[in-house]
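Below: the structure, in structure tokens.
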Amino acid sequence: MSVVRVEGLSKEFVSHGATTVAVDNLDLTLERGEFVCLLGPSGCGKTTTLRAIAGLEAPTGGTIDIAGQIVYSSEAGTYVPPERRGLGMVFQSYAVWPHMTVADNVGFPLRHGIGKRDKARHGEIDDRVARILELMDCAHLARRYPSELSGGQQQRVALARTLVYEPDLLLFDEPLSNLDAKLRERMRLELRELQQRLGFAALYVTHDREEALSLSDRILVMRDGVVIQAGTPEEIYEQPTDVFVADFIGPVNLLPISELRRSSGGVVAVTGIGEVMCADSSLPQLGAVGSAGETSVLVRPGSLVVDTHGEPGANCWEARVEGMTYLGDQVIYALRVGRVRLIATAPTRGRTQGERVFVTAQPDVCRVVAGRLPADRSASVDEAATFAVPA
Ligand SMILES: Nc1ncnc2c1ncn2[C@@H]1O[C@H](COP(=O)(O)OP(=O)(O)OP(=O)(O)O)[C@@H](O)[C@H]1O
């Protein structure tokens with residue numbers, strides 16, 4: 001049985017006479033012990049979906065089932081309040097109570113019977129609070145007040161306060177976004193470890209692709225209130241079905257295609273840098289080959305090989321190094337192939353500014369995807385390729 005089953009969820013907001021469709025007939029499931037991220041740009045409906053599952057937002061249609069119990073149904077008029085849905089929620093703002101010590105904050109749900117369990121007995125509360133603080137590496141902070149804690153420690157306390165009543169389902173709304181980059185990375189690892197150890201199911205809202213890639217068993221990419229692609233991190237990164245997902249999930253070169261034709265072992269796409277041989281595996285979602293239509297070739301910057309030797313043709317192009325950015329563990333090269341700019345990454349700084357090089361892409365790293373990015377996302381109007389450089 002799924003921990004969460006959402007069918008046909010819709011939410012419209014009406015404000016100042018205008019209607020916004022925040023969630024549009026959305027389906028999702030979350031299995032026991034699974035970590036699923038809702039990933040998408042600002043305003044795509046992630047938080048509204050999460051809040052509707054939590055019971056904090058009244059949907060306009062659909063059904064929500066949590067652990068086999070219908071907690072919302074527009075048809076049957078069912079609505080179960082948040083505190084009776086047996087779930088925990090962790091927000092971006094830590095929302096720990098400033099007038100209570102860490103131990104009192106964490107014990108609060110047990111004293112008040114929050115979650116699916118009845119109120120805990122007195123002696124039991126202290127034991128469980130001590131245990132969870134130990135687990136979260138916060139035992140030494142038990143007597144402190146939130147004002148005496150760092151941001152990361154406050155977020156740990158907020159998480160401990162939710163975990164203390166052992167929910168089977170935890171909802172997270174960008175819980176790490178107030179932390180600095182280093183701490184965020186550490187907390188990410190800790191959270192995933194904790195989730196795997198305790199076995200709760202997690203639905204996690206983020207617009208941070210790295211967070212989604214590193215935390216998830218499955219990622220649901222959202223746009224305009226709908227899920228446009230669902231899959232494992234590898235599937236989303238390596239086999240995006242359209243340019244929006246490809247661009248959102250990572251740095252990318254996208255070359256608009258003017259002509260597509262079959263060849264042995266794949267398809268040949270004619271683009272601004274010339275012919276690109278693409279692996280056959282990229283074909284199924286495209287339908288009939290023949291009309292290039294609104295399609296692009298996708299090549300990740302890390303899949304391009306930059307060398308001083310090469311033989312133009314067969315997925316090898318002569319290029320000039322236009323710029324480079326040193327990032328410590330990698331170098332980003334901006335390469336010019338005719339009127340097109342490509343981005344390539346390499347582990348070390350081997351090339352120099354202005355150098356003539358050869359850039360190669362094996363057919364199996366070139367995919368044909370649906371769509372084109374808008375012209376204003378191009379490096380400049382006369383360039384065929386669009387690209388995104390890692391933040
Ligand atoms: N209370 C509200 N009244 C009117 N419109 C709202 C309300 N809450 C959300 N919206 C609109 O619904 C859409 C979805 O909002 P939502 O907060 O779910 O997006 P999101 O993907 O979580 O964005 P973010 O990453 O910025 O938090 C947006 O267009 C937003 O402006």
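All ligand and atom numbering here is 1-based and tracks the order in the structure.
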At under 4.0 Å between heavy atoms, which part of Thr20 makes contact with ligand 1: side chain, backbone, both or neither? side chain

Check whether any heavy atom of Pro41 sits under 4.0 Å from an atom of ligand 1. yes

Side chains of Glu174 and Thr206: donor-acceptor distance under 3.5 Å anywhere? no

For atom 13 (C) of ligand 1, the option (of Gly45, Ala18, Gly43) bearing the nearest heavy atom: Gly43

Using heavy-atom distances, let me know which of Thr48, Val23, Thr206, Val21 sits nearest atom 16 (P) of ligand 1. Thr48

Is it true that atom CD of Glu31 has more than 12 heavy atoms of other residues, nucleotides or ligands lying nearer than 6.0 Å? yes

Shared hydrophobic cluster, Leu335 / Val331 (ILVMFWY, side-chain heavy atoms < 4.5 Å): yes

For [atom], which protein heavy atom lies nearest, and how many Å away is it?
| atom | value |
| --- | --- |
| atom 17 (O) of ligand 1 | Thr47 CB, 3.8 Å |
| atom 4 (C) of ligand 1 | Phe13 CB, 3.4 Å |
| atom 12 (O) of ligand 1 | Ala22 CB, 3.3 Å |
| atom 25 (O) of ligand 1 | Lys46 NZ, 2.9 Å |

Aromatic centroids of Phe108 and Trp97 separated by under 6.0 Å: yes

Does the protein put a heavy atom under 4.0 Å from atom 31 (O) of ligand 1? no

Would the distance check show the side chain of Gln155 and the main-chain N or O of Gly152 forming a donor-acceptor pair, the cut-off being under 3.5 Å? no

Thinking salt bridges, do Glu235 and Arg218 make one under a 4.0 Å N-O criterion? no

Would you mind checking if Arg143 and Glu148 are paired as a salt bridge, meaning a charged N to carboxylate O distance below 4.0 Å? no

Is Arg209 close enough and on-axis enough to Tyr237, meaning under 6.0 Å and within 45°, for cation-pi? no

If you count the atoms of ligand 1 from 1 in the order shown, which ones are under 4.0 Å from a heavy atom of Glu174? 25 (O)

Ser42 N/O to ligand 1 N/O under 3.5 Å: yes

